[in-house]
Amino acid sequence: MNKQLSIEQLKQHVFDGMSIMVGGFMAVGTPEGIVDALLEMNVKDLTLICNDAGLPEKGIGKLINNGQVKTLIASHIGLNPRAGELMGSGEMEVILVPQGTLAERIRSGGAGLGGVLTPTGLGTIVEEGKQILNIQGKDYLLELPLRADLAILYGTEVDTFGNIVYTKTTRNFNPLMATATDKVIVEARDIVEYINPDHVMTPHIFVDYIIKEAK
Amino acid sequence: MNKQLSIEQLKQHVFDGMSIMVGGFMAVGTPEGIVDALLEMNVKDLTLICNDAGLPEKGIGKLINNGQVKTLIASHIGLNPRAGELMGSGEMEVILVPQGTLAERIRSGGAGLGGVLTPTGLGTIVEEGKQILNIQGKDYLLELPLRADLAILYGTEVDTFGNIVYTKTTRNFNPLMATATDKVIVEARDIVEYINPDHVMTPHIFVDYIIKEAK
Amino acid sequence: MDITAMKHLIAKRVAKEFKDGDVVNLGIGLPTLVANFIPNDVTINLQSENGLIGLGPVPQDNIDYDITNAGGQPVTMVNGGMYFDSAMSFAIIRGGHVDVTVLGSLQVDESGSLANWIIPGKMVPGMGGAMDLVTGAKKVIIAMTHTNKGKHKILKKCTLPLTAKHQVNLIVTEMGVMEIQDDGIHLLEYNNEFTLEEIQDATEAKLIINQPKIMDLEE
Amino acid sequence: MDITAMKHLIAKRVAKEFKDGDVVNLGIGLPTLVANFIPNDVTINLQSENGLIGLGPVPQDNIDYDITNAGGQPVTMVNGGMYFDSAMSFAIIRGGHVDVTVLGSLQVDESGSLANWIIPGKMVPGMGGAMDLVTGAKKVIIAMTHTNKGKHKILKKCTLPLTAKHQVNLIVTEMGVMEIQDDGIHLLEYNNEFTLEEIQDATEAKLIINQPKIMDLEE
């Protein structure tokens, strides 16, 4: 099964109004080549799920600042001032989620779990409208699983099967998102012949397409 | 901080009636040296949490068959016939947990979550006495976190900081258990100078002591 | 038909259910045999719940005791395979990333419920990963002999403690291929060594029989 | 005292709170400075929520843009450090495996609640990992200037949306070291450049003062 895709073929897999999970943390571990292609295609009304709003010229900041994002689900938007403005003006809906809860909601979406029971957010506005369960004498918020149509990831090494290694702090949300969407496309820094089976961070069964990063 | 421990010093860390999580799957990835030491010390009334009951001459099967185990929490006991007999006679309490639920309960015990919401076990005797939550139109069982006094693990490569790599299918429950107990002791096949920081499967902060496997 | 021939036939038929690229988990025993009959033009990814994808054949020499299947037996790994921990293994299973799981069973009923992990007072092996597998896999195939030495196993309602409710999609036995639908068990294919009457007699549940095909056992 | 001297003093005092082997998460800004004052006989493990333990100094050259801190800035890794994904990072944080977290705050109150992630209508950076950190860490230290240019920050009750309820253990400012106990805020140490009256005046909450020590600022 040949999973390699050209950046031009990406068009077949995106549409206005879709939801996309984007790997990366302050744009470290974000597939910039795929983001640039989305920018060029100018797909609209996107729901993005990402740790943060990127930076004005980096990561999903580019899509946000080009007005392509209808809803952003993230833990932090502080490094992209335009995101705060669009939120304030109501042009973009921003749903802020505590970072650990965001990670666990994505994981539970991929793992077939019904949700996440976390103490994080209790007694704050994060708990508004959510069910609180008392378990063994302690309160927990019930946070719901997250899924999306597509995940776009950035892999440092990807083999032709689609197995992925993410180096250093580029890993962050990438391996979680790989499990929680209908389709997964990885941008590969390098496509390699062999990855030690102990070192694989995302098994190839999760990966639908591989796009080679332009250098 | 020197984390190395001799097998004799293990005595200071075990006591009758304690709960122990034991890594391994059908004894693959079980620290046999530590198990043998527990056998020799003859600590009693143990509560063991392990994927299975081991084999008669391998893994925790040795402790079970020596009458040291009061309660076993496991997903499968079929490869150790004596475990079934002790269960039948009431000499050992056996709590059977679906394997994926067992993994997730241990993980949630280590991750500060309030429990696991899983569809596994619905409509079976596994659901007896447990809360069922309907979330977004689907039912889920609420399964509680698991923790223990001690985890004993088997690492293929352990560095002097306590970082662990588990090779091939010896990994199984080991990295989960590392997070969910008050104390963690790893038996190391090899103590090594260096592990690539991308390849660490259990961060050293979870590991209290390292015992070198006798060869 | 002796038991070996029966198992051979069942495994061969089950192997036709896979599509190229499927992620498949095969249970211990008869289901394991299915791996021997995968068509040449189909590549499947065998998952083993103890923590790998890319399960290869049992090694004849150079055995590596660190590579094992869910029964704890040494196996091999194919190119492109990888290892993971038990949390990831069951994220794959529970999360719907396994396309097909093939298991044996003690009983199956017309509502798609199955019982294969305990005979109270007699045999208590435990459920292992079976409950997660049948709950999470996209397609659940039961591969088993049609009866237990003449005793019905395909029932109106299971009498043993269940592994899961309403999860079975297909039953493959030496007598035929049966699909569980909302209205009951449809006999899709039958082995023409048996008459339809014989097959119904060997089945407690009422089979819905509507122009069944001859069981496809071509290599 | 100018603001740089204040921050220097606060960071220096916070650094005395660590024990050898502690796992510590330092927030962005003032808390980051704490790393410069760790005593020589203490080794701590700096965790960064974007996915590493073993955070080293900011590199001067040979910058590796794949090694970053939670602010996205290039850092280095010390010997024995390791990387992990965001699920593991917050399993460490939420699961109580972080011994001390040091954060700045906009407000703290006498019940140990804090507010540091939003000023409605003005500044909405988001909570990032702060809510998980203050909920999960064994000890929560707030490192901040005592007032916001004279405006109280240590209050009877926070007025901004909370980051978490009842989670703060210690507050370190340029004026002193305060511990949150069940009965309120105890002034454990004070900087004798200020009088006790000046410190109370700079604090909305009533300080419980019972033979406070002089603030320990020895190197």
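Since the structure is predicted, the reported quantities are computational estimates derived from the model, not experimental observations. Order of the sequence lines sets the chain letters (A, B, ...), proteins ahead of strands, with each chain counted from 1.
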**Prompt:** Is the number of heavy atoms from other residues, nucleotides or ligands within 6.0 Å of CG (D:D183) greater than 12?
**Reply:** yes

**Prompt:** Any chance the side chains of D:S86 and A:N172 put a donor and an acceptor closer than 3.5 Å?
**Reply:** no

**Request:** Please look at A:M87 and chain D and tell me whether the side chain, the backbone, both or neither of the residue comes under 4.5 angstrom of a heavy atom of that chain.
**Result:** side chain

**Prompt:** Taking D:R94 for the side chain and A:T118 for the main chain, is one N or O donor matched with an acceptor at less than 3.5 Å?
**Reply:** no

**Item:** Contact class of A:I77 relative to chain D, heavy atoms under 4.5 angstrom
**Value:** both

**Request:** Measure across A:R171 and D:Y83 and return the closest heavy-atom pair with its distance rounded to 0.1 Å.
**Result:** NH2-O, 3.2 Å

**Request:** Please check if atom CG in A:D190 has more than 12 non-hydrogen atoms from other residues, nucleotides or ligands closer than 6.0 Å.
**Result:** yes

**Message:** Is there a side chain to side chain contact (heavy atoms under 4.5 Å, CB included) between D:N69 and A:F25? Walk through the geometry before answering.
**Reply:** CA-CA 9 Å; D:N69 64 16; A:F25 193 113; over 6 Å; no

**Prompt:** Is any side-chain heavy atom of A:K168 less than 4.5 Å from a side-chain heavy atom of D:D64?
**Reply:** yes

**Prompt:** Around A:K215, counting heavy atoms of other residues, nucleotides and ligands shown, do more than 12 lie under 6.0 Å from its NZ?
**Reply:** yes

**Prompt:** For D:I67, is it the side chain, the backbone, both or neither that has a heavy atom under 4.5 Å from a heavy atom of chain A?
**Reply:** both

**Complete:** Residues pairing under side-chain hydrogen bond (donor to acceptor under 3.5 Å, both in side chains) where one sits in residues 97-106 of chain D, two or more places apart or in two chains, turn out to be D:D99-D:K138

**Message:** Is it the case that over 12 heavy atoms from other parts of the model lie below 6.0 angstrom from the NZ atom of D:K157?
**Reply:** no

**Message:** Please identify, among A:T120, A:T170, A:L122, the residue contributing the most non-hydrogen atom pairs under 4.5 Å to chain D.
**Reply:** A:T120

**Request:** Grab the two heavy atoms, one from A:L96 and one from D:V124, that are nearest each other, plus how far apart they are.
**Result:** CD1-CG1, 3.8 Å

**Heavy-atom side-chain contact between D:M131 and A:V126 under 4.5 Å** = yes

**Item:** D:K156, NZ: over 12 other non-hydrogen atoms inside 6.0 angstrom
**Value:** yes

**Heavy-atom neighbours of A:K3 NZ exceed 12 at 6.0 Å** = yes

**Asked** Got a sec: does the CD of A:E40 have more than 12 other heavy atoms crowding it under 6.0 Å?
**Response** no

**Among D:A87, D:P161, D:G81, residue most engaged with chain A (heavy-atom pairs, under 4.5 Å)** = D:A87

**Asked** So does A:Y194 have more than 12 non-hydrogen atoms from other groups sitting under 6.0 Å from OH?
**Response** yes

**Request:** Could you tell me which portion of A:P98 (side chain, backbone, both or neither) has an atom closer than 4.5 angstrom to a non-hydrogen atom of chain D?
**Result:** both

**Prompt:** What part of A:T101 lies closer than 4.5 angstrom to a heavy atom of chain D: side chain, backbone, both or neither?
**Reply:** both

**Request:** Quick one: closest heavy-atom pair of D:D66 and A:T167, and the distance?
**Result:** OD2-CG2, 3.5 Å

**Message:** In the structure I gave you, are the side-chain heavy atoms of D:V75 and A:T169 within less than 4.5 Å of one another anywhere?
**Reply:** no

**Item:** Side chains of D:D85 and A:L176 in contact at under 4.5 Å (non-hydrogen atoms)
**Value:** yes

**Message:** So, taking the atom named OG in A:S75 and the one named CZ in D:F90, what distance separates them when rounded to the nearest 0.5 Å?
**Reply:** 7.0 Å

**Request:** Could you look at D:S89 and say if it's the side chain, the backbone, both or neither that has a heavy atom under 4.5 Å from chain A?
**Result:** neither

**Asked** Is it the side chain or the backbone of A:R189 that comes within 4.5 Å of chain D heavy atoms, both, or neither?
**Response** side chain

**Prompt:** What heavy-atom pair brings D:D132 and A:Q99 nearest, and what distance separates the two atoms?
**Reply:** OD2-N, 3.5 Å

